[in-house]
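First the structure, in the form of structure tokens, and then the observations on it.
Quantities reported herein were computed from a predicted structural model and do not represent experimental measurements.
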Amino acid sequence: MEKTERRASNFIEEFVEEDLASGRFDHVKTRFPPEPNGFLHIGHTKAFCIDFQIAEKYGGLCNLRFDDTNPTKEKTAFVEGIQKDIEWMGFHWDKLYFASDFFDRLYDIAVGLIKKGVAYVDDQSAEEMRQTRGTLTSPGTNSPYRERSVGENLRLFEGMKHGEYEDGSRVLRAKIDMASPNVLMRDPTIYRILRAHHHRTGDKWCIYPMYDFQHPIQDAIEGVTHSLCSMEYEIHRPLYDWMVTQAGFEQPPRQIEFARLNITRTVMSKRYLRKLVEEGYVSGWDDPRMPTLAAMRRRGYTPESIKSFVGKVGVAKADSEVEGALLEHCVREGLADIAPRAMAVLDPIKLVLTNWPEDQVDELTMENHPDHPELGARKVKFGRELFIEREDFMENPPGKFFRLKPSGEVRLKGAYIIRCDEVVKDEAGEVVEIRCTVDMTSKSGEEGANRKVKGTLHWVSAADARPIEVRLYEPILNEEVEADAASEALQNEEGEAEVSQKDFISRLNPDSLKVLRGSVAEPIIADAAVAATFQFLRMGYFCKDPDSTSELPVYNRTVALKDTWAKMNK
RNA sequence: UGGGGCAUAGCCAAGCGGUAAGGCACGGGACUUUGACUCCCGCAUUCGCAGGUUCGAUCCCUGCUGCCCCAGCCA
């Protein structure tokens, strides 16, 4: 069956189909235009998934373009990081561009605007411009320099380019309408003088184009058909259209806006992310608590999971905040089939099998994945002394406790059923050892071993136990008590609501990172390569961290397993 | 008090005048040598509110309310 009609799955696709049908465009070209002033986070990821996927769906291509027009904030390290992240996500851009590659062309177009009489050099100070811009409810007033002659403007603009004036002394402005109800249309600045070293053009330029000029023109130069961006740019659209029209482009791109992604208990503003890094609240842009792709990669999230998440979130125009649980669901779903299972005990307590011969160590065969025999099996040692999870034993458990308790029986996964006979305590009354007897007839997989017990525990034998460090994560922000001004501002990129550093810092979750030192694991876990992912049976998905050494492997918990028992106890 | 947007379940989100998709979360059950996975079942008589048009309105009209964005020589 051939699919003859393409079904739009969101309003952007509807627009695209509409444009294709009407003949406004005969193909689709998109672009992802990050400023290289930080690493990409999950919010950007939604954006570029949309950019690439729309292009792909309609047989078009997507460019990667760095909008590097503000040299004070940009670095080569960020452009490299961004490219790596996009590639890791499995997308392929068509052309790779830098706005800075077009500075000459942009300059020429600005000159063209001056010649047309729709741009002028303004000598007012930033402060004067602010005052004459008017307010949201009152119109602005024209600059005294607004009616300069084309010749003078040309001369002055060239002077700006040649470094004849000080930073901030003059700007080039578009001549639009100082009384426009849309403040952005009140003669926006399109070039400023800025003596800063640019990561690509060095000191060649001392004037740099502004976003509202560069972005639309650049889109048009690249032949972008659909310029997708987030909602805050909706009010820039008239300006966008003004620019490409004034510059004389035949088939101006269509800008379409969609709502950006927010996730509960997640910092999604580059400004605050930078603060976390620069002030040492996290170890870096790839600290596994960060919402950056670098961090998610390190933590063990897969590109497939992230794409699945973005897909489930959908595309719309309404402000929204997605629950972190949806992301976690996608991460588990993506790992379930591919992560080999193995055993690690995060918080060990010693268990002695009193009827097991002192020096006997057996080798048991355990499957690496219950649903995927092709992932093979491994040998695991089993002896008289083992470790089990401290929380898997309770002396006085509540009802419905299927784990180990005095006189109770459980199965040790892949091994035997054991019965708890006694507990050994220290002076403080803490249980330090559990003594059990093995039902020798219950060996896993053997005939007659089909006796059922309610609980199955993971374990590591003392003979096999290798120390590992385990890092557990929680959301970086505290649970929101109430919607307060601070929390809202955290969700908005570069949102300038006056949130003091103190408010932000006070919202950080002190338990976002928990480091476990006494954990033990099977050799297959300890000896795995960095970035290897496992499901530690019953404990969650874990990924080996680059901080690992040969003496001490380090594992990040990517995500915990769902835990009905914990929920019941709440 | 200007302009631009947005309101459908706890969280996302379909819906495009013919009688409320789906996912997550949540609750119940089955299965289980992971309290996982998987599988069943349940979960909006109602779409921000109030009017109007219509045989019929989440959808069209009017008025209201609430939330978000805009006064950088940031992007």
> Base, sugar-phosphate, or nothing for A/Val453, non-hydrogen atoms under 4.0 angstrom?
Replying inline: nothing
> Contact class for A/Ala318 (heavy atom, under 4.0 Å): base, sugar-phosphate, or nothing?
Replying inline: sugar-phosphate
>> Suppose we define a pair by two distances each less than 3.5 Å, Watson-Crick or G-U wobble; what does B/C16 pair with here?
In response: none
> Any side-chain N or O of A/Arg192 under 4.0 Å from OP1/OP2 of B/A75?
Replying inline: yes
>> Classify A/Met210 by what it touches in the nucleic acid, base, sugar-phosphate, or nothing, heavy-atom distance under 4.0 Å.
In response: sugar-phosphate
>> If you go through the side-chain atoms of A/Glu128, does one of them form a donor-acceptor pair with the base of B/C73 closer than 3.5 Å?
In response: no
>> Does A/Ser444 contact B/U33 through a side-chain donor or acceptor facing the base, at a distance under 3.5 Å?
In response: yes
> With a non-hydrogen cut-off below 4.0 angstrom, is A/Pro370 in contact with a base, only sugar-phosphate, or nothing?
Replying inline: base
>> Is there a side-chain contact between A/Arg403 and the phosphate of B/G35, meaning an N or O under 4.0 Å from OP1 or OP2?
In response: no
> Can a side chain N or O of A/Thr137 be found less than 4.0 Å away from OP1 or OP2 on B/U1?
Replying inline: no
>> With a 3.5 Å limit on both atom pairs, tell me what B/G66 is paired to, counting Watson-Crick and G-U wobble, or say none.
In response: B/C6
>> Under 4.0 Å, heavy atoms only, any strand: does A/Glu367 hit a base, just the sugar-phosphate, or nothing?
In response: nothing
> Hey, are A/Tyr211 and A/Asn70 close enough side-chain-wise for a donor-acceptor pair under 3.5 Å?
Replying inline: no
>> Between the base of B/U33 and the side chain of A/Arg411, is there a donor and acceptor pair under 3.5 angstrom?
In response: yes
>> With a cut-off of less than 4.0 Å, is there a side-chain N or O of A/Arg260 near OP1 or OP2 of B/C69?
In response: no
>> Check this one for me: any side-chain N or O of A/Lys312 less than 4.0 Å away from OP1 or OP2 of B/A13?
In response: no
>> Tell me whether the side-chain N/O atoms of A/Lys567 come closer than 4.0 Å to OP1 or OP2 in B/C26.
In response: yes
> Between A/Asn70 and A/Val313, which is nearer to the 5' end of RNA chain B once each is assigned its nearest nucleotide?
Replying inline: A/Val313
> How many Å lie between CE on A/Met129 and P on B/C73, as a whole number?
Replying inline: 5 Å
> What's the NE2-P distance between A/His458 and B/U32, to the nearest Å?
Replying inline: 22 Å
> Using a cut-off of 4.0 Å on non-hydrogen atoms, how would the nucleic acid contact of A/Thr135 be classed: base, sugar-phosphate, or nothing?
Replying inline: base
> Quick one: is A/His329 getting a side-chain N or O under 4.0 Å of the B/C24 phosphate, OP1 or OP2?
Replying inline: yes
> Under 30°, 30 to 60°, or over 60°: which ring-plane class applies to A/Phe382 and A/Trp459, parallel, tilted or perpendicular?
Replying inline: perpendicular
> Which part of the nucleic acid does A/Phe11 contact within heavy-atom distance under 4.0 Å: base, sugar-phosphate only, or nothing?
Replying inline: nothing
> Which sits closer to the 5' end of RNA chain B, A/Glu323 or A/Gln535, going by the nucleotide each is nearest to?
Replying inline: A/Glu323
>> So does A/Ala8 get a backbone contact from the side chain of A/Glu14, meaning a donor-acceptor N/O pair under 3.5 Å?
In response: no
> In terms of ring plane angle, is the pair A/Tyr97 and A/Phe102 parallel, tilted or perpendicular, where the classes change at 30° and 60°?
Replying inline: perpendicular
> Do the side-chain N or O atoms of A/Arg271 get closer than 4.0 angstrom to the phosphate oxygens (OP1, OP2) of B/A75?
Replying inline: no
> Just to confirm, is there a sub-4.0 Å distance from OP1 or OP2 of B/A75 to any side-chain nitrogen or oxygen of A/Thr69?
Replying inline: yes
> In whole angstroms, how far is the C1' atom of B/U34 from the CG atom of A/Leu375?
Replying inline: 16 Å
>> Under 4.0 Å, heavy atoms only, any strand: does A/Gly445 hit a base, just the sugar-phosphate, or nothing?
In response: base
>> Can you confirm whether or not the ring centre of A/Tyr555 sits under 6.0 Å from the ring centre of A/Phe542?
In response: no
> Quantified in whole Å, what is the P atom distance between nucleotide B/G72 and nucleotide B/C64?
Replying inline: 30 Å
> Once you round it to whole Å, what is the distance between P of B/G35 and CE of A/Met568?
Replying inline: 12 Å
> Can you tell me how far C1' of B/A75 sits from OH of A/Tyr208, to the nearest Å?
Replying inline: 16 Å
>> For a quick check under 3.5 Å, do A/Arg378 and A/Thr365 share a side-chain donor-acceptor pair by atom type?
In response: no
> A/His198 and A/Phe103: aromatic ring centres closer than 6.0 Å?
Replying inline: yes
> Within this structure, what is the OH-to-P distance between A/Tyr191 and B/C74, rounded to whole angstrom?
Replying inline: 14 Å
>> Are A/Trp565 and A/Phe401, when compared by the centres of their aromatic rings, separated by less than 6.0 Å?
In response: yes
> Has A/Thr564 got a side-chain N or O lying under 4.0 Å from the OP1 or OP2 atom of B/A36?
Replying inline: yes
> Atom CE of A/Met178 and atom P of B/G2: how far apart are they, to the nearest Å?
Replying inline: 20 Å
> Under 4.0 angstrom, heavy atoms only, what part of the nucleic acid is A/Lys452 near: base, sugar-phosphate, or nothing?
Replying inline: sugar-phosphate
> What integer distance in Å separates A/Ile338:CD1 from B/C37:C1'?
Replying inline: 15 Å
